Chemist: 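Got a structure for you, questions after.
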Amino acid sequence: MPDYKLGLDYALEQDRNDSLKHYRSLFHIPKDIQGNDLIYMTGNSLGLQPKQTKAYIDQELTDWAQLGVEGHTEAKNPWLRYHEFLTENMSKIVGAKPIEVVVMNTLTANLHFMMVSFYRPTRTRYKILIESDAFPSDKYAVESQLRHHGYDPKDVLILWQPRDHEELLRYEDLEDILKAQGNEIALILIGGVNYYTGQYFDLNRITELGHAFGCHVGFDCAHGAGNVQLNLHDSGADFAVWCTYKYLNSGPGNLAGCFVHERHAYRKDLIRFTGWWSHNKQTRFNMRQEFDQLPGAEGWQMSNPPILSMAAIKASLDIFNEAGMDKLTEKSKKLTGYFEFLLKQLGETTLRIITPQNPDERGCQLSIQVRNADKSLHEKLTHSGVVSDWREPDVIRCAPVPLYNTFEEVFLLIEKLKHILHA
Ligand SMILES: *Cc1c(COP(=O)(O)O)cnc(C)c1O
């Protein structure tokens, strides 16, 4: 663990020595009414806008204005294969091979489309296992899939739960569930990094375990992509999905990523929903041909992609590619470790960090449980110029992200917290 120190000088020195410090200037930082930078700690919810995003979108608007339909082939970045311009950078971010990754649709939609292929209940194997505090959209999606297949979620949705008076999940408990009913579980779907606690699960371990019992294993990595090194290929997971508007800074509601493991790339037996974009690129425009499945994750696409949205994703991924996940995670661990250090030295019994203490079991987010669920603390923090979020029943989530947050901001955040608690 780095040798953290108290005092503003230490924070300023860390910022001066930070090899990624210039990246902050590539983003628009939201400001208060006096024009001062807010301390933005919600990159886990909506990442900030890269200044170059506008130019990337403008390029496509210009090409559309000047070329009309010819832009499909003649635009600077030809629209027909625009999604391919995102694939390599995205696959590096999530630790996958290009054939395993595609950007398409939105997150919950991708989750459904993955379940079309990887939740194929049989008479003996029909249950789905999720973490008990899964993100609501994931839970609703899974429940609706179960109903779609004629099951009552009450009977067939299995929850991996924390023990009494605990927040984090234990692998022994997952093992116990699988030993008891693994043969009936068709799909294990876990949030790679839990949105509430910030617990980063061991994807390899969960996948190995699930596969040992014959289950398909998928991850929702909305809180992992661009935050931790997911190594999706090596995890062996069957599929993963994630959005691009959280840590990946692509703008509100933008498209999502999808990973399908290489071992499924050429399988034509996997049932899926298809459209003309899942069809062989060479013959796609012959229009009257028999369906010819595209290999890899691309073979799950349906529609021709929204270029303006993808331009914003490209703008952000180009920044990620330049900075590199290695450097970003290195800074992230240091920055979040510093945040944890300062929080602990406050010695406040009002606050308790529920996120794992082990830096390898979390990303940049710390979830801070507030005694007696005193929501006013969060309101005061907001009033003081800190953008964080409150998650019911009693947690403040703060995520200092390595691309644009600084040690000084973390220091100031703690000073504000101290001030509020002692007022
Ligand atoms: C943010 C998030 C979502 C949101 O889904 P959308 O389809 O993009 O609205 C779903 N699941 C998880 C785990 C998330 O973190």
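Only this structure's heavy atoms are used, side chains among them; waters, hydrogens and symmetry mates stay out. Ligands are counted one by one from 1 in listed order, and the atoms in each one are counted from 1 as well. Predicted model only: the values in this text are computed from it and were never measured.
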Chemist: Can you report which non-hydrogen protein atom sits closest to atom 5 (O) of ligand 1, along with the distance?
Modeler: Thr108 OG1, 3.3 Å

Chemist: So, is Asp138 polar-close to ligand 1, with some N/O to N/O distance under 3.5 Å?
Modeler: yes

Chemist: Between Leu342 and Phe407, is there a side-chain heavy-atom distance shorter than 4.5 Å?
Modeler: no

Chemist: For Asp389 versus Thr42, what's the shortest heavy-atom pair and its separation?
Modeler: N-CG2, 3.9 Å

Chemist: Could you measure the distance from the NZ atom of Lys92 to the CZ atom of Phe320? Nearest 0.5 Å is fine.
Modeler: 13.0 Å

Chemist: For atom 8 (O) of ligand 1, what's the nearest protein heavy-atom neighbour? Residue, atom name and distance, please.
Modeler: Tyr245 OH, 2.5 Å

Chemist: Determine whether Glu84 and Lys281 satisfy the following criterion, salt bridge (Lys or Arg N to Asp or Glu O under 4.0 Å), listing intermediate values before the conclusion.
Modeler: CA-CA 12 Å; Glu84 294 174 21; Lys281 293 174 197 179; 2.8 Å; yes

Chemist: Taking only heavy atoms of His223, which atoms of ligand 1 are found under 4.0 Å from at least one of them?
Modeler: 15 (O)

Chemist: Heavy-atom distances under 4.0 Å are what count here, so tell me which part of Phe135 touches ligand 1: side chain, backbone, both or neither.
Modeler: side chain

Chemist: Are Asp18 and Lys331 within salt-bridge range, i.e. N to O under 4.0 Å?
Modeler: yes

Chemist: Looking only at N/O atoms, are Asp220 and ligand 1 under 3.5 Å apart anywhere?
Modeler: yes

Chemist: What protein heavy atom sits nearest atom 15 (O) of ligand 1, and how far away is it?
Modeler: Lys246 NZ, 2.4 Å

Chemist: Would you say OH of Tyr171 has more than 12 non-hydrogen atoms from neighbouring residues, nucleotides or ligands within 6.0 angstrom?
Modeler: yes

Chemist: For ligand 1, is any non-hydrogen atom under 4.0 Å from Thr106's backbone (N, CA, C, O), its side chain (CB onward), both, or neither?
Modeler: neither

